[in-house]
There are 2 protein chains.
Amino acid sequence: MASARVSKTKTAIRNAALELFAVYGYKGTSVRKIASKVGIRESALYNHFKNKEAIFLTVCADIFTTPFSKKNIQEEAKKGKKFLANFVVQYKLVSFDANKEKLFRIMMIELLQDQTLRQNFLNEFHHHNITLLSEAFFVMMQSGLIRSSDPMFMANEFLAPLFYYRLQITLFRIDAEPTTALSTLFEKHVDFFWESVIV
Amino acid sequence: MASARVSKTKTAIRNAALELFAVYGYKGTSVRKIASKVGIRESALYNHFKNKEAIFLTVCADIFTTPFSKKNIQEEAKKGKKFLANFVVQYKLVSFDANKEKLFRIMMIELLQDQTLRQNFLNEFHHHNITLLSEAFFVMMQSGLIRSSDPMFMANEFLAPLFYYRLQITLFRIDAEPTTALSTLFEKHVDFFWESVIV
DNA sequence: GTCTATAATATGATAGAC
DNA sequence: GTCTATCATATTATAGAC
């Protein structure tokens, strides 16, 4: 199997780096600290990765993998509110997933400093979701489920609060504050939004 | 006047630091680079500031000053949509203000790394606006302008897209991409939101 | 594949002459 | 208030023994 091709030490470095990058960012994480967390010397680390940037790129490799597929969007969108509720359930799951949360932290820290990451965010993360939701809203309009309007703007209005709530959850969790109050916002958002677009 | 108490060099350091922090963040900005931008040596810089952190704190001093006051909120809120439109105009002006944009960049870069800044964001920035908007929506509900619901949740739904649009503007401007398409989102948001809450 | 040793550079900060 | 000189430390990365 493919995963056996990655050595134990390399995986350990990746995991240690993920933890540190998520807390201290790229510049705040030294190769020394990563090696120390793994339990090896810096020099040993260079047997597995070319340099610090290579570690970072490996860690960030699946930062923009998304659970939202455009498969059967034409059929799925006809479910109306049910489709939106499903979307939000996925979004919420991702928001509370420990591993995804670390990647989200890295993304937020480096978003304004790393051009490649920023462009991936806008293309893979934002634009991907906006086009998917736009298509869904377009179908819903044609099906007479929701009122006619600009599907892309609707997509923005639907997506924006989800992102804001996710950011808040992330900030709260950094300081180990409870997120129960925030947790319910997702479902309330679907209800509120649906009421505002339904015919 | 009070501003005369701050020397020219100290102001120059502050401005140079603002530019650099906004692009490279705290860790990515060295005292050397700040001094170099001002045109003096590092050592001379320490005659004006105790250390690097003191420069950062001075730069960040008015990062959370807000144009949104709770004054006359009872009266202002009765204007309904007009109140929301005014709020968004202010928010939009801040989003496109060059100086405020730099401070917003610093805030976004350090938000996940600096606990003090993060707590100020949640208290001064988020919570301040949420309570202000909550009060306004409460008044609007009592005045029969909008449908009865949870004012605080409504405030979240109203504020979240504004933040998301501002973040997008900031990201676009870093890469010198045009923001005209984003510019109209603010007004459209007010229209869309008002339609969804109006009785 | 890991270690010690080391290089080259960058960093925050201070001492003391002018 | 600025300069030169210097320090202590941290950083990324490499060389070569085991």
Side-chain angles (χ1 to χ4, degrees), chain A residues 1-61 106 109-110 112-117, chain B residues 1-61 106 109-110 112-117:
Chain A
M1 46 192 181
S3 62
R5 289 177 57 115
V6 178
S7 74
K8 259 191 176 179
T9 309
K10 191 162 185 172
T11 305
I13 293 167
R14 207 197 81 102
N15 291 337
L18 173 62
E19 298 288 336
L20 292 170
F21 283 139
V23 176
Y24 306 106
Y26 183 78
K27 282 168 192 154
T29 302
S30 68
V31 179
R32 225 182 216 81
K33 281 176 193 155
I34 298 172
S36 171
K37 200 174 175 75
V38 175
I40 58 173
R41 299 282 169 178
E42 282 176 87
S43 49
L45 191 146
Y46 285 92
N47 282 316
H48 303 276
F49 292 93
K50 186 193 163 198
N51 52 27
K52 185 182 173 181
E53 201 193 345
I55 305 172
F56 184 72
L57 291 176
T58 299
V59 166
C60 293
I106 295 174
I109 294 174
E110 305 302 331
L112 282 86
Q113 302 181 79
D114 185 325
Q115 193 183 18
T116 306
L117 202 135
Chain B
M1 48 189 182
S3 62
R5 288 178 57 116
V6 178
S7 75
K8 261 191 174 179
T9 309
K10 191 162 184 173
T11 305
I13 293 167
R14 207 197 80 101
N15 291 338
L18 173 62
E19 298 289 336
L20 293 170
F21 284 139
V23 176
Y24 305 107
Y26 183 79
K27 282 168 192 153
T29 301
S30 67
V31 179
R32 231 180 212 79
K33 281 176 192 155
I34 298 172
S36 171
K37 199 173 176 77
V38 175
I40 58 173
R41 300 281 168 177
E42 282 177 87
S43 48
L45 192 145
Y46 285 93
N47 282 317
H48 303 276
F49 291 94
K50 189 193 160 197
N51 52 29
K52 185 183 173 182
E53 201 193 345
I55 305 172
F56 184 72
L57 291 177
T58 299
V59 167
C60 292
I106 295 174
I109 294 173
E110 305 302 331
L112 281 85
Q113 302 180 79
D114 186 325
Q115 193 183 18
T116 307
L117 203 135

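Within every chain, numbering begins at 1; the chains are lettered A, B, ... in the order of the sequence lines, protein sequences first and strands thereafter. Computed over heavy atoms, backbone and side chain alike; hydrogens, waters and symmetry mates excluded.
Atom CD of A:E53 is separated from atom C1' of D:dA13 by 14 Å (rounded to the nearest Å). Distance, B:H48 NE2 to C:dA13 P: 16 Å, rounded to whole Å. A straight line from NZ of B:K33 to P of C:dA13 spans 16 Å, rounded to a whole angstrom. Counting to the nearest Å, the P atom of C:dA10 and the CZ atom of B:R32 are 8 Å from each other. Going from atom NZ of B:K10 over to atom C1' of D:dG1 covers 14 Å, rounded to whole Å. Regarding B:K27, its NZ atom lies at a distance of 15 Å from the P atom of D:dA10, rounded to whole Å. If you take CZ of B:F56 and P of C:dA13, they are 14 Å apart, rounded to a whole angstrom. One atom, CZ of B:F49, and another, P of D:dG1, lie 12 Å apart when rounded to the nearest Å.
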Name each donor-acceptor pair under 3.5 Å that joins a side chain in residues 51-60 of chain B to protein atoms two or more places apart or in another chain, with its distance.
{"residue": "B:N51", "atom": "OD1", "partner": "B:E53", "partner atom": "N", "Å": "3.3"}
{"residue": "B:N51", "atom": "OD1", "partner": "B:A54", "partner atom": "N", "Å": "3.0"}
{"residue": "B:K52", "atom": "NZ", "partner": "B:Y26", "partner atom": "O", "Å": "2.8"}
{"residue": "B:K52", "atom": "NZ", "partner": "B:T29", "partner atom": "O", "Å": "2.8"}
{"residue": "B:T58", "atom": "OG1", "partner": "B:A54", "partner atom": "O", "Å": "2.9"}

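Between A:D114 and A:T116 the shortest heavy-atom distance is OD1-N, 3.0 Å. Listed here is the closest heavy atom pair of B:I34 and B:A16: O-CB, 4.1 Å. Summarising the geometry of B:Q113 relative to A:I109, their closest heavy-atom pair is NE2-CG2, 3.3 Å, with the distance given to 0.1 Å.
Listed by first and then second residue, the side-chain hydrogen bond (donor to acceptor under 3.5 Å, both in side chains) pairs involving residues 34-43 of chain A are A:R32-A:E42 (not counting sequence neighbours). Among residues at least two apart or in separate chains, salt bridge (charged side-chain N to carboxylate O under 4.0 Å, His left out) pairs with a member in residues 10-20 of chain B are B:E19-B:K102.
No side-chain heavy atom of B:F49 sits less than 4.5 Å from a side-chain heavy atom of B:V31.
Taking every heavy atom of residues 35-46 of chain B and every atom of DNA chain D, pairs under 4.0 Å involve B:I40, B:R41, B:S43, B:A44, by number. Contacts between residues 12-26 of chain B and DNA chain D, counted as heavy-atom distances below 4.0 Å, involve no residue at all.
Partners of A:K33 under the side chain to side chain donor-acceptor pair (under 3.5 Å) rule, at least two apart in sequence or in another chain, do not exist in this structure.
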side-chain contact (heavy atoms from CB on, under 4.5 Å) between B:L18 and B:I106, intermediate numbers included:
CA-CA 8 Å; B:L18 173 62; B:I106 295 174; 3.9 Å; yes
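Looking at the side chain of A:K52, the nearest of the listed nucleotides C:dG12, D:dT12, D:dG1 is D:dT12.
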